[in-house]
Engineer: 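Questions regarding the structure given below will be posed in turn.
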Amino acid sequence: DPPSPPGPLKFNGTKLVYDRAHPWKSLERDDIRGPCPGLNTLASHGYLPRNGVASPSQIITAVQEGFNMDHSTARFVTYAAHLVDGNLVTDLLSIGGKTKKTGPDPPAPASVAGLNTHAVFEGDSSMTRADFFFGDNHSLNETLFKQFKDFSNRFGGGFYNLTVAQELRHQRIQESIATNPTFDFTSPRFFTAFAESSFPLEFFVDGRNPVRALSMDNATLFFRDSKFPVDFFRAAAPTGAAFAQDIFKAYPIAAGKNVNGINTFTPDPTSADFSNFCLLYTNFVTKTVGGLYPNPTGVLKRNLIINLRYFYAPISDAGCTELFPYGQL
Ligand code: HEM
Ligand code: MG
């Protein structure tokens with residue numbers, strides 16, 4: 001069976017994480033990196049397997065140990081990703097593209113294609129990665145990263161801070177509306193977009209620094225080189241998407257998509273949003289996971305049941321009704 005997730009950190013304060021036991025190493029042939037600068041960095045320092053293929057337990061341990069992500073957020077995000085992009089039989093997930101290293105594939109329509117897979121977790125209007133419609137949705141895009149730095153200069157005095165996060169999130173959404181005919185900003189992307197705009201403030205700023213402002217030198221290390229700054233200390237306390245709602249409130253927008261080409265953004269009332277968190281869980285289980293696994297059998301079905309429980313556990317106090325689309329063990 002897939003093992004129970006690891007618990008919270010025993011010591012959950014700040015500490016040196018770019019230590020002797022975790023040297024940065026450049027990529028070797030076949031090492032995989034993907035759309036998430038956090039996981040890329042953890043892999044390049046050996047908090048995750050350097051080849052970029054990991055189990056959910058390894059990811060939960062690494063994001064807590066290396067960045068002090070809080071236990072609930074770590075579990076919820078990791079099992080969400082694993083359910084749609086990972087191999088539920090071998091318990092392995094690629095943090096980037098599809099690879100044989102995750103083992104034999106289950107029957108279609110499941111794809112087990114790693115975090116690069118578009119529309120199940122990865123989504124449009126990322127800050128430093130292009131929309132899938134334009135091709136590469138996972139590598140650092142130099143034009144977008146230049147815009148990231150321009151916005152940090154214009155709105156943050158050379159630093160990525162909350163104001164920059166708000167302005168840039170809005171800008172990226174407007175760009176996608178105006179240029180990407182397939183732009184989709186419905187759940188889960190609606191949530192992950194605001195959460196990920198918050199993450200650099202929480203996780204890429206040194207834990208000894210009380211000011212939530214990320215320098216462009218350090219942003220370049222994380223986003224481009226998958227590398228901690230020298231002497232880097234992780235966040236001072238466990239944290240999740242703390243500023244997501246603040247970023248949303250600066251420019252509130254309904255969940256929706258371009259329905260008929262560019263500039264046809266239309267709200268989708270069937271999507272979850274901040275006023276209906278349980279619908280995120282419900283739609284993800286029934287539509288997203290259910291679409292990939294309409295009729296599982298054997299070990300696959302058993303492990304779906306187990307992973308869906310691990311996915312629900314961290315939100316069990318949110319008052320959402322737990323779903324058992326594949327029954328219970
Ligand atoms: C983006 C997965 C933890 C920072 C992403 C994306 C995925 C992902 C699939 C791409 C979404 C998109 O932009 O289209 C995960 C998983 C995690 C995790 C499964 C497990 C807990 C973290 C942590 C950090 C982080 C701990 C920070 C230390 C980011 C940032 C982005 C991102 C900043 C946005 C990149 C951009 O917009 O250009 N993550 N992530 N993530 N992740 Fe993670
Ligand atoms: Mg994206």
Side-chain angles (χ1 to χ4, degrees), residues 5 17 33-43 45 47-48 52 54-86 93-97 113-141 144-145 147-148 160 165 168-169 171-173 176 180 183-185 188-205 207 214 218-219 222-224 226 228 232 234-235 238-244 247 311 314:
V17 289
R33 298 293 179 269
C36 175
L39 298 181
N40 290 349
T41 300
L42 293 168
H45 283 276
Y47 280 97
L48 285 172
S55 71
S57 294
Q58 288 175 317
I59 294 173
I60 292 163
T61 298
V63 298
Q64 293 189 107
E65 191 61 41
F67 282 116
N68 216 353
M69 181 178 264
D70 75 73
H71 187 238
S72 292
T73 305
R75 284 189 303 170
F76 187 67
V77 175
T78 299
Y79 286 107
H82 187 54
L83 277 160
V84 294
D85 291 335
L93 170 66
S94 160
I95 66 168
L115 293 185
N116 290 359
T117 311
H118 180 59
V120 285
F121 191 127
E122 187 285 322
D124 292 331
S125 78
S126 303
M127 293 182 289
T128 67
R129 271 68 175 166
D131 285 6
F132 179 76
F133 176 79
F134 300 111
D136 184 343
N137 68 344
H138 51 272
S139 313
L140 180 102
N141 177 296
L144 289 175
F145 193 51
Q147 175 169 258
F148 181 99
Y160 181 90
L168 184 59
R169 170 80 351 259
Q171 167 78 4
R172 292 292 298 128
I173 291 168
S176 289
N180 176 358
F183 178 50
D184 189 334
F185 203 63
R189 183 57 187 154
F190 182 84
F191 291 90
T192 59
F194 293 106
E196 290 159 9
S197 290
S198 172
F199 284 173
L201 305 171
E202 300 173 70
F203 298 120
F204 293 162
V205 176
L214 174 66
N218 289 354
F222 285 111
F223 281 97
R224 189 191 66 194
S226 308
F228 288 132
F232 186 72
R234 73 183 184 199
T239 164
F243 301 102
I247 296 168
F311 175 57

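Counting starts at 1 for both ligands and their atoms, in listed order. When a residue number appears, it is its place in the shown sequence, counting from 1. Remember, predicted model here, so these are calculated numbers, not experimental data.
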Engineer: Closer than 2.8 Å to the Mg ion (ligand 2), do we get an N, O or S atom from Ser126, backbone or side chain?
Structural biologist: yes
Engineer: Just by distance, no angles: are the side chains of Ser197 and Arg172 close enough, under 3.5 Å, to form a donor-acceptor pair?
Structural biologist: no
Engineer: Among the N/O/S atoms of Glu122, which is closest to the Mg ion (ligand 2)? Give the atom name.
Structural biologist: OE2
Engineer: Heavy-atom pairs closer than 4.0 Å: do any link ligand 1 to the side chain of Leu39, the backbone, both, or neither?
Structural biologist: side chain
Engineer: Report the nearest protein non-hydrogen atom to atom 10 (C) of ligand 1: residue, atom name, distance rounded to 0.1 Å.
Structural biologist: Pro35 CB, 3.7 Å
Engineer: Answer yes when Glu65 and Arg234 have at least one side-chain N-carboxylate O distance shorter than 4.0 Å, and no when they do not.
Structural biologist: yes
Engineer: Carefully, step by step, assess Phe232 and Phe222 under the rule ring pair (Phe, Tyr, Trp, His ring centres under 6.0 Å).
Structural biologist: CA-CA 11 Å; Phe232 186 72; Phe222 285 111; 5.4 Å; yes
Engineer: Starting from atom 40 (N) of ligand 1, which protein heavy atom do you reach first, and at what distance in Å?
Structural biologist: Cys36 SG, 3.1 Å
Engineer: Looking at ligand 1, would Phe204 count as a contact under a 4.0 Å heavy-atom criterion?
Structural biologist: yes
Engineer: Counting backbone and side-chain atoms alike, is an N, O or S atom of Arg129 positioned under 2.8 Å from the Mg ion (ligand 2)?
Structural biologist: no
Engineer: What protein heavy atom lies closest to atom 25 (C) of ligand 1? Include the residue and the distance to one decimal.
Structural biologist: Phe199 CD1, 3.4 Å
Engineer: If you measure only the distance, is there a donor-acceptor pair under 3.5 Å linking the side chains of Ser176 and Asp131?
Structural biologist: yes
Engineer: Any carboxylate oxygen within less than 4.0 angstrom of a Lys/Arg side-chain nitrogen, looking at Arg189 and Glu196?
Structural biologist: yes
Engineer: Within the 4.0 Å heavy-atom shell around Ala81, which atoms of ligand 1 are there?
Structural biologist: 19 (C)
Engineer: Considering only non-hydrogen protein atoms, determine which one is nearest to atom 1 (C) of ligand 1 and report residue, atom name and distance to 0.1 Å.
Structural biologist: Glu196 CD, 3.3 Å
Engineer: Answer with side chain, backbone, both or neither: which part of Glu122 has a heavy atom less than 4.0 angstrom from an atom of ligand 1?
Structural biologist: both
Engineer: May I ask you to check whether Phe243 and Phe194 place their ring centres under 6.0 Å from each other?
Structural biologist: no
Engineer: Any side-chain heavy atom of Arg33 within less than 4.5 Å of one from Ser139?
Structural biologist: no
Engineer: Is there any N or O on Gly123 that sits under 3.5 Å from an N or O of ligand 1?
Structural biologist: yes
Engineer: For ligand 1 and Thr128, I'd like to know whether there is a polar contact (N/O to N/O, distance under 3.5 Å).
Structural biologist: yes
Engineer: Would you mind running through ligand 1 and noting each atom that sits below 4.0 Å from a heavy atom of Phe67?
Structural biologist: 28 (C)
Engineer: Touching ligand 1 at all, Glu202? Heavy atoms, strictly under 4.0 Å?
Structural biologist: no
Engineer: Can you tell me which residue and heavy atom of the protein come closest to atom 13 (O) of ligand 1, and the distance to 0.1 Å?
Structural biologist: Ser126 OG, 2.6 Å
Engineer: Give the residue, atom name and distance (to 0.1 Å) of the protein heavy atom nearest atom 7 (C) of ligand 1.
Structural biologist: Phe121 CE2, 3.8 Å
Engineer: Using every non-hydrogen atom in the two residues, find where Ala74 and Ile60 come nearest and quote the distance to one decimal.
Structural biologist: O-CG1, 3.9 Å
Engineer: For atom 21 (C) of ligand 1, grab the closest protein heavy atom and report residue, atom and distance to one decimal in Å.
Structural biologist: Thr78 OG1, 3.4 Å
Engineer: Number the atoms of ligand 1 from 1 as they appear, then name those within less than 4.0 Å of a heavy atom of Arg189, with their elements.
Structural biologist: 11 (C), 12 (C), 13 (O), 14 (O)
Engineer: Considering non-hydrogen atoms of the protein only, which is the closest contact for atom 35 (C) of ligand 1, and what is the distance?
Structural biologist: Pro37 CD, 3.8 Å
